[in-house]
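Encoded as structure tokens, the structure appears first; notes follow it.
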Amino acid sequence: MSTPYPFTAIVGMADLRLALLLNAVSPAVGGVLVRGEKGTAKSTAVRALSALLPAVEVVPGCRFGCDPAAADPACPDGPHGPDAGRESRPARMVELPVGASEDRLVGALDIERALAEGVKAFEPGLLADAHRGVLYVDEVNLLHDHLVDLLLDAAAMGASYVEREGVSVRHAARFLLVGTMNPEEGELRPQLLDRFGLTVEVAASRETEERVRVVRRRLAYDADPAGFAAAWRGEERELRERIAAARALLPSVSLGDGALRQIAATCAAFEVDGMRADIVMARTATALAAWDGRTEVTGADVRQAALLALPHRRRRNPFDAPGLDEDKLDETLERNRGGDDDPDPDPGPDGGGPDGGGRPPQDDDGAPDPAPDIAPPREPADSGAQPEPAQAPQGGVGERAAVPAAEPFKARALTVPGLGEGAAGRRSRARTAHGRTTGARRPQGALSELHLAATVHAAAPHQRARGRGGPGLVIRRDDLREAVREGREGNLVLFVVDASGSMAARQRMSAVKGAVLSLLLDAYQRRDKVGLITFRGATAELALPPTSSVEAGAARLDRLPTGGRTPLAAGLLKAHDVLRVERLRDASRRPLLVVVTDGRATGGPEPVRTAGRAARLLAAEGTASVVVDCESGPVRLGLAGELARELHGTAVTLDELRADSVAALVRDVRRAA
């Protein structure tokens, strides 16, 4: 087993350390979501936490980690009597890979033995391993939807249920959920986002000296992990003892009515949904007081709890930047300060607690620093989340600055014809592991989804030959049939947007941006990847390589300037190149090409003929296409419709994109296939 990087040796990232330590003090806080750019040691910090967690008492031999003092009566390895004994083991850090199967997560039930022998042969999964420990999901935003659903169920009920055709197993599954993600690769579903008690944003330091310390310590650790860890053993022990002391003090901490009013008023002021935010804030503020060695929750605790518990709960759509208006927070707390609150402690020179906490001092030679305190100085939460300013015109003929997008609307579903086998999602029809049952087949590998009727039908003709003598069936492996299911898949939606002078009328471009923004929001909800190509002047540009982050697509769209000629062929050929590369990367994810244009082609040699050839090239490869016709005015040339015919796709107007439109868009797309 490799030596983990010491938690106390981590440089900077005070918010992250604070959030993890609070969960170590009070697991009821509900876990941590760590958002940040790649290479910021998110995973290192999370893995380092496991060495600080107190050991747990378990029933010897129980695969589900039952507590001897309160054993689960439904434990598959139970029941555990009072004489079952006890043993101590370290709390587990269990990692859930993004590509894990459902059986790996919840466990596998041997259906063949259950039917033929009447026994529940169950192999525990990762949820059982994580019980009373930490479940860590790296790149949690890339987790498949069906695994997300299972995590949500387990987190809500504190138990995992495995059912296969009426045969079921249940076991306790209470764990601290910690996830890391890079927002550039896509956002989380709101339901899972809300399950994380706290969230922190991390970024690499821009201070030279701090970056020097990071590199020096990492090199020292890589050269001698055991020796490096030994140098920090004293600080690790002190921090572990402080966690234990805070846990012991936690039941004695009092949450006064004044602090509770501040919590409720803050959640109401920021219009968070439901009551989970209030409860998480209360638990976090209580843990803050216990960590600081106090038995009373103060206004400073409530403020810090809000900064950790609310930013990810106030987002209304995926284009909202995470963060909290700290001026509004301070006004709300001051307005609702109760008379029974103790005065807030002096924050000290570094904005920390009464003991002068804040960011722990660190030296330049890799020597141990004091254990981290819990009240680090914070930059305003929105300071790094502001959109970049719009690009200024570059002096091209007819070029204009970017215009704001119109208000987005609920878009109609655009689907890819046929039946795919791509990544789980919510757009086009596909063969999936979950969905409605459409047939049965012999198992391909281990049986997971039994088709009971087909299995009985296959076994019935052979019962006499097998010497059946009782009321049950004699089942053999060859009789088993698994269900074939149909659900929905996620697609690659590639937008090709005309930004030329013919589209540059302010009102028209605003409507176009609003339509594309609506389609981006729809892609987010349907778990698609998105890409954005723009064309104007003489060339086409891949403004956004295919990604799961619709936020990035919205940002690129917001800064889009217009003007110049219309190189339609260049845009289509760029789309062809992008799709060719994406097919090599992920052949199962089917593309949907959405061309947003008025259909004019004026850029490049023989612009109309070249655009036609490019369209036919895409059609020959079977690319499903939709042309959004942006032509307006009393005189219409119908060029977008001609382009749609060349693409073997369909043309729709901006109005027909709306979900309340009378146009049967999905039927038109399928008819065109």
Stepwise side chain to side chain contact (heavy atoms under 4.5 Å, CB included) check, Thr266 with Val272:
CA-CA 9 Å; Thr266 301; Val272 296; over 6 Å; no
Starting from the C-alpha separation in whole Å, work towards a yes-or-no answer on side chain to side chain contact (heavy atoms under 4.5 Å, CB included) for Leu135 and Val178.
CA-CA 6 Å; Leu135 181 62; Val178 180; over 6 Å; no
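- Here Leu52 contributes atom CG and Leu20 contributes atom CG; the two are 9.5 Å apart, rounded to the nearest 0.5 Å.
- Arg92 places no side-chain N or O within donor-acceptor distance of the main-chain N or O of Val134, the cut-off being under 3.5 Å.
- With sequence neighbours excluded, the residues forming a side-chain hydrogen bond (donor to acceptor under 3.5 Å, both in side chains) with Asp72 are Arg170, listed by chain and number.
- With sequence neighbours left out, Asp327 forms a salt bridge (charged side-chain N to carboxylate O under 4.0 Å, His left out) with no residue at all.
- Within the 3.5 Å criterion, the main-chain N or O of Ala28 finds a donor-acceptor partner in the side chain of Arg283.
- Panel note: side chain Asp77, backbone Arg63; a donor-acceptor pair is recorded below 3.5 Å.
- Between Asp153 and Tyr161 there is no side-chain heavy-atom pair separated by less than 4.5 Å.
- Applying the side-chain hydrogen bond (donor to acceptor under 3.5 Å, both in side chains) test to Arg240 and every residue at least two apart in sequence or in another chain returns nothing.
- The shortest side-chain heavy-atom distance between Glu87 and Val58 falls under the 4.5 Å cut-off.
- Taking the six-membered ring for Trp and the full ring otherwise, Phe64 and His131 have centroids separated by 6.0 Å or more.
- For the atom pair CG (Leu16) and OG1 (Thr199), the distance works out to 10.0 Å, reported to the nearest 0.5 Å.
- Between Arg337 and Glu334 there is a salt bridge, since a side-chain N of the basic residue sits under 4.0 Å from a carboxylate O of the acidic one.
- Taking 4.5 Å as the limit, some side-chain heavy atom of Leu21 sits within range of a side-chain heavy atom of Leu239.
- Here the side chains of Leu198 and Asn23 are in contact, with some heavy-atom distance below 4.5 Å.
- Although no hydrogens or angles enter the test, the distance criterion places no donor-acceptor pair under 3.5 Å between the side chain of Thr40 and the main chain of Gly36.
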Using side chain to side chain contact (heavy atoms under 4.5 Å, CB included), reason through Val212 and Val214 one step at a time and then give a plain yes or no.
CA-CA 5 Å; Val212 167; Val214 171; over 6 Å; no
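- Within the 4.5 Å cutoff, the side chain of His80 has heavy atoms near those of the Cys75 side chain.
- Leu127 pairs in a side chain to side chain contact (heavy atoms under 4.5 Å, CB included) with only one of the listed residues (Val162, Leu105, Leu150), which is Leu105.
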Give the intermediate values and the outcome of side chain to side chain contact (heavy atoms under 4.5 Å, CB included) for residues Arg89 and Val56.
CA-CA 6 Å; Arg89 64 163 172 79; Val56 294; 3.8 Å; yes
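- Side-chain atoms of Glu236 come within 3.5 Å of backbone N or O of Thr8 as a donor-acceptor pair.
- Contacts of Arg47 classified as side-chain hydrogen bond (donor to acceptor under 3.5 Å, both in side chains), with partners at least two apart in sequence or in another chain: Glu95.
- Between Arg313 and Asp273, no side-chain nitrogen of the basic residue sits less than 4.0 Å from a carboxylate oxygen of the acidic one, so the salt-bridge criterion is not met.
- For the atom pair Arg35 CZ and Leu193 CG, the distance stands at 7.5 Å (nearest 0.5 Å).
- A salt bridge links Arg526 to Asp522: one of the charged nitrogens lies within less than 4.0 Å of a carboxylate oxygen.
- Judged by distance alone, the side chain of Arg217 and the main-chain N or O of Ala9 form a donor-acceptor pair under 3.5 Å.
- Tyr5 OH to Thr44 OG1: the interatomic distance, rounded to the nearest 0.5 Å, is 8.0 Å.
- Listed by chain and residue number, nothing satisfies the side-chain hydrogen bond (donor to acceptor under 3.5 Å, both in side chains) test with Glu207 (two or more places apart in sequence, or in another chain).
- The backbone N or O of Asp138 lies less than 3.5 Å from no partner atom in the side chain of Lys42, so there is not a single donor-acceptor pair.
- A distance of 7.5 Å separates CG in Leu532 from CG in Leu520, rounded to the nearest 0.5 Å.
- The existence of a salt bridge linking Glu326 and Arg303 is confirmed by a sub-4.0 Å separation between a basic side-chain nitrogen and an acidic carboxylate oxygen.
- The side-chain heavy atoms of Leu255 and Ile263, taken from C-beta on, include a pair separated by under 4.5 Å.
- Electrostatic pairing of Asp301 and Arg294 counts as a salt bridge here, judged by a charged N lying under 4.0 Å from a carboxylate O.
- For Thr3 and Tyr221, the side-chain atoms include no donor-acceptor pair closer than 3.5 Å.
- Proximity of Leu308 to Val200: side-chain heavy atoms (C-beta onward) are separated by under 4.5 Å at one or more points.
- Judged by distance alone, the side chains of Tyr136 and Ser43 do bring a donor and an acceptor atom under 3.5 Å apart.
- Partners of Arg276 by salt bridge (charged side-chain N to carboxylate O under 4.0 Å, His left out), not counting sequence neighbours, listed by chain and number: Asp194.
- Met181 places a side-chain heavy atom less than 4.5 Å from the side chain of Leu33.
- Distance CE/Met275 to SG/Cys267: 7.5 Å, rounded to 0.5 Å.
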